[in-house]
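To start, the structure itself, in structure tokens.
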Amino acid sequence: MGIYVGNLNYDVTEEELKAVLTEYGTVQKVHLPVDRETGRKRGFGFIDMANETEEETVISELDGAEWMGRQMKVNKARPRESRPNKTW
DNA sequence: GTTGAGCGTT
């Protein structure tokens, strides 16, 4: 299980996000997905910490916190299964 | 501006 971070500034990069997260634990992975069809930023990201305890620390410390002019939403990430349905 | 990919029949 990773962490979901929403309401990010669209200019934020993975490195900037990782730098902040590192202050609260060991960041293993940072992912800022872009729209698969348009290639544009989506304004949210996913993070993998070393363990669940660190994830909870990040959530409690950064959820609702203002960063880069935006109030981040930090939560446990959902399983990576659902996606916008396309009519194949 | 709020839940990642790719597969390409899952």
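Here is how names work: the chains are called A, B, and so on, in the same order as the sequence lines, proteins then strands, and each is numbered from 1. All values reported here derive from a predicted model rather than from experimental measurement.
For A:E52, the salt bridge (charged side-chain N to carboxylate O under 4.0 Å, His left out) partners are A:K76, not counting sequence neighbours. Every residue meeting the side-chain contact (heavy atoms from CB on, under 4.5 Å) condition with A:A50, not counting sequence neighbours, appears here in chain and number order: A:T26, A:Q28, A:E54.
Atom NZ in A:K41 sits roughly 16 Å away from atom C1' in B:dG4 (whole-Å rounding). At whole-Å resolution of the value, CG in A:N75 and P in B:dT2 are 14 Å apart.
Using a 4.0 Å heavy-atom criterion, one finds that A:F46 contacts the bases of the nucleic acid, with or without backbone contacts as well. Across all strands shown, A:R70 has heavy atoms under 4.0 Å from base atoms, whether or not it also approaches the sugar-phosphate.
Hydrophobic clustering keeps A:F46 apart from A:L17 (ILVMFWY residues linked when any side-chain heavy atoms are closer than 4.5 Å, directly or through intermediates). Hydrophobic clustering of Ile, Leu, Val, Met, Phe, Trp and Tyr side chains at less than 4.5 Å, counting indirect connections, keeps A:L21 apart from A:F44.
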**Message:** Would A:I59 and A:N75 count as a side-chain contact (heavy atoms from CB on, under 4.5 Å) here? Give the steps.
**Reply:** CA-CA 6 Å; A:I59 293 171; A:N75 270 90; 5.5 Å; no
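In this structure B:dG4 sits in the syn conformation; its chi angle is within 90° of 0.
Take the nearest nucleotide of DNA chain B for A:G43 and for A:D35: the residue whose nucleotide is more 5' is A:G43.
Annotation: proximity of residues 51-64 of chain A to DNA chain B (heavy atom, distance under 4.0 Å) is found for no residue. The stretch residues 3-13 of chain A touches DNA chain B through A:Y4, A:N7, A:L8, A:Y10, each having a heavy atom under 4.0 angstrom from the strand.
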Do any side-chain atoms of residues 1-9 of chain A form donor-acceptor pairs under 3.5 angstrom with protein atoms, and if so which ones, sequence neighbours left out?
{"from": "A:N7", "atom 1": "ND2", "to": "A:Q71", "atom 2": "O", "distance (Å)": "2.6"}
{"from": "A:N9", "atom 1": "OD1", "to": "A:D11", "atom 2": "N", "distance (Å)": "2.7"}
{"from": "A:N9", "atom 1": "ND2", "to": "A:M68", "atom 2": "O", "distance (Å)": "3.1"}

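Side-chain contact between A:M49 and A:I47 is present, with at least one heavy-atom pair separated by less than 4.5 Å.
Contacts classified as salt bridge (charged side-chain N to carboxylate O under 4.0 Å, His left out) and involving residues 15-35 of chain A (residues at least two apart or in different chains) are not found.
Between B:dG6 and B:dT10, the two P atoms lie 14 Å apart (nearest whole Å).
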